[in-house]
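Residue numbering restarts at 1 for every chain, and letters A, B, ... go by the order of the sequence lines.
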Number of protein chains: 2
Amino acid sequence: MNLKELATKLGLSPTTVSRALNGYPEVNETTREKVLAAARRYNYQPNTRAIRLATGRALAVGHVIPVATRHEIVNPIFADFIAGAGEVYSRNGYDMVLSVVPDDQEEQTYRALKTRGTVDGVIVHAPRLNDPRIPLLNDIGLPFVVHGRATGTTLPYSWVDVNNRRAFQRAAEFLLDLGHSRIGLVNGLEFMDFAIRRRTGYLDALSARGIAPDPQLMFQDQMTELAGFSAARAMLALAVPPTGFLVASMISGMGVRRAVESLGLVVGRDVSIIIHDDELSYLPNGGEVPLFTATRSSVREAGRLSAEMLLSLIARQGSGPQEHLLEAELIIGQSTGPAPRKD
Amino acid sequence: MNLKELATKLGLSPTTVSRALNGYPEVNETTREKVLAAARRYNYQPNTRAIRLATGRALAVGHVIPVATRHEIVNPIFADFIAGAGEVYSRNGYDMVLSVVPDDQEEQTYRALKTRGTVDGVIVHAPRLNDPRIPLLNDIGLPFVVHGRATGTTLPYSWVDVNNRRAFQRAAEFLLDLGHSRIGLVNGLEFMDFAIRRRTGYLDALSARGIAPDPQLMFQDQMTELAGFSAARAMLALAVPPTGFLVASMISGMGVRRAVESLGLVVGRDVSIIIHDDELSYLPNGGEVPLFTATRSSVREAGRLSAEMLLSLIARQGSGPQEHLLEAELIIGQSTGPAPRKD
DNA sequence: GTGAAAGCGCTAACAT
DNA sequence: ATGTTAGCGCTTTCAC
């Protein structure tokens, strides 16, 4: 059933039916009712392909995932973000187009997305320092919203971010309040914007207490189990080992936990671990570990907000770049003071 | 630059230009050269929206992810599969449309995908026993390929699957050959088709050696770190604990490893662990654990094969359902015989 | 308030 | 081998 057939059945022109369906004000209300009833009755579904051609809009939003950072797709953050964004898209009749491309083809992909009219806008994930995608997208005129921020970028742009600096600052303060003074930082790679901010928050908390940061307690690496394990083992082998850990991700947090336990230490008694972005969909920790988390809902919320922001940019309802900073929720599980010195 | 403009510049009709560009045989080769050169020169990019409307094809493939199984998206398997499939799609000018929907809207989503003409076909992920999606898609006439198989389904359908039964059988045989006789199975939820097949492989290996399965050594649960930890702890607390483990996923495998180490046991000396789908993108295990894996490349390969199969179904090149069974690669790291009894 | 007609940028008969 | 002519199913002026 297409528009023309529906119009014929109603004894109306396609124009009027179209207007009635799309909420144009000039349609007689009784006519509109009839049209809507018939559309429902015949299960009329407009052909998206025709709408796209006629309007020149793609009715789709792109998410480009370079394969080099493919692990991003297995990041629980990504999954929850996508779930939140997907909700908004489908509510607005938009599709989500996922492009998984070799990282040397990222620029080319964005250009093709624009010139072929595949999407009306894109979400930029995992921004890095001076991220080249921002000037690129600006240049080719493809509307975009960044999930996170790109330190070093001078151009204005729209973004939605969790307050990573504040999150790590509060987590560190929490450990400091418990009496910990040697706190190990197990961070992600510090060319990622969020990792920089997290380190800053950690340092801010230390400096507010007049504690000088110890480079031996600050690790950055991929957020894998093995990297977390290695970092924690190295720190625990120090002459004066840390009694608390601040970890950037659930996955590396599991490595840290294993490192601690493999030395016969007990988490929550001898050592406190605070994991960022804990308690996400597929990795419940069973409430065993003192927690700090951005919480699942806030990441979903970030997805929703980003998607809404992008759709409003596409509709040009927005005036200039929009920005939104979400606060992370501090969730406390068991907690413990510093471990007794064993000397 | 559109087709008409390009044709005018060349002094040809749009038809000829279209034919030249699309490789139709009736075009004069010198004409074709000229057209291709001009297209490159003016950076002509055909408007996908117009092609879609004119041909009635969506040039897109759908992947529907119900939010209830949202963890599927954070599954390394999913990421590698998507990477492989995405490669094929982009090589063929197809888009990948991802729909993340509440699980009670799954059927409705497939119907809408069909009636609105959003996609030409779909990939079905994570099939369950008697999966209702297969009759549904058959019913609405949307071409599909299943990644995995759905035991209990009577309708013929196309699929690509890893030989899970054989994989677990070989892994169990490997442990049996080392002298292990008490082998714990840490499986995924056994309403998932792949989990059923894995259990079958495990049981086949035991029965071939005349070993009766012990229900206390067979666990099924979500494939999370905590579930792996709990299952392994429970088994290790038995009067006669297992000396080997067969684990369904990297994530639960980390829980099993932690459980083992938390008891002061050493992996590779006291206990052997074999993890399926290990060594995927973001979870290197550092070669510490005896490995068994479907390997990253085979999952990517499954993605590629599924995508190719689907595109061929869409083009109706295929005659009847196609099937493809991939063998998993057995990768051996350190290995060990059974732990000495400590009584 | 409704309709006729043109057009979005291609493809695909049907000529020639 | 190339061109002419209709569409694909909508939206959108422009008339009435």
Side-chain angles (χ1 to χ4, degrees), chain A residues 1-36 38-39 42-60 93-95 112 114-120 315, chain B residues 1-36 38-39 42-60 93-95 112 114-120 314-316:
Chain A
M1 171 69 60
N2 63 24
L3 189 69
K4 201 170 150 196
E5 292 165 4
L6 185 61
T8 309
K9 283 224 194 292
L10 282 159
L12 288 167
S13 74
T15 312
T16 302
V17 176
S18 171
R19 286 197 273 239
L21 257 22
N22 292 307
Y24 281 60
E26 67 260 39
V27 183
N28 185 318
E29 273 314 313
T30 65
T31 310
R32 190 193 304 279
E33 311 264 297
K34 268 184 232 156
V35 170
L36 289 172
Y42 296 109
N43 188 31
Y44 165 72
Q45 300 273 85
N47 183 314
T48 315
R49 293 189 285 265
I51 298 178
R52 288 186 221 252
L53 181 58
T55 61
R57 296 178 302 155
L59 294 174
Y94 274 71
D95 290 329
K114 169 69 178 186
T115 50
R116 311 190 65 131
T118 312
V119 302
D120 296 316
Chain B
M1 171 70 59
N2 64 23
L3 188 69
K4 201 169 148 196
E5 291 165 4
L6 184 63
T8 309
K9 283 223 192 291
L10 283 158
L12 288 167
S13 75
T15 313
T16 302
V17 176
S18 170
R19 286 196 273 238
L21 257 21
N22 292 306
Y24 280 62
E26 65 259 40
V27 183
N28 184 318
E29 273 315 312
T30 65
T31 310
R32 190 193 302 280
E33 311 265 297
K34 268 186 232 156
V35 170
L36 289 173
Y42 297 109
N43 189 31
Y44 166 72
Q45 299 274 88
N47 183 314
T48 315
R49 294 189 284 266
I51 298 178
R52 288 185 220 251
L53 181 58
T55 61
R57 296 178 302 156
L59 294 175
Y94 275 71
D95 290 329
K114 170 70 177 183
T115 51
R116 311 190 65 131
T118 311
V119 301
D120 296 315
I314 288 169
R316 267 154 196 64

Extract all donor-acceptor atom pairs below 3.5 Å that involve side chains of residues 5-12 of chain A and protein atoms in other chains or at least two apart in sequence.
from: A:E5; atom 1: OE1; to: A:N2; atom 2: N; distance (Å): 3.2
from: A:T8; atom 1: OG1; to: A:K4; atom 2: O; distance (Å): 2.8

**OP:** Could you list by number each residue of residues 24-36 of chain B showing a heavy-atom separation from DNA chain D of less than 4.0 Å, or answer none if no residue does?
**Re:** B:E26, B:V27, B:N28, B:T31
Original post:
What residues form a salt bridge (Lys or Arg N to Asp or Glu O under 4.0 Å) with A:D95, not counting sequence neighbours?
Top reply: A:R52
Those residues that, when tested against [X], pass side-chain hydrogen bond (donor to acceptor under 3.5 Å, both in side chains) (two or more places apart):
X	result
A:T31	none
B:T16	B:S13
A:S18	A:N22
A:T118	none

Subject >> Partners passing side chain to side chain contact (heavy atoms under 4.5 Å, CB included) against A:A54 (at least two apart in sequence or in another chain) >> reply: none
Original post:
Do any pairs count as a salt bridge (charged side-chain N to carboxylate O under 4.0 Å, His left out) and have a residue in residues 13-33 of chain A, sequence neighbours left out, and if so which ones?
Top reply: A:R19-A:E26, A:E29-A:R32
Are any protein N/O atoms closer than 3.5 Å to N/O atoms in nucleotides 4-8 of chain D? If there are, list each pair with its distance.
from: D:dT4; atom 1: O4; to: B:T15; atom 2: OG1; distance (Å): 2.9
from: D:dC8; atom 1: O2; to: B:A54; atom 2: N; distance (Å): 3.4

Subject >> Five-pair end axes of the helix from C:dG1-D:dC16 to C:dT16-D:dA1 and the angle they enclose, rounded to 10° >> reply: 40°
Subject >> chain A footprint on DNA chain C, 5' to 3' - any atom under 4.0 Å from a heavy atom >> reply: C:dG1 to C:dG9
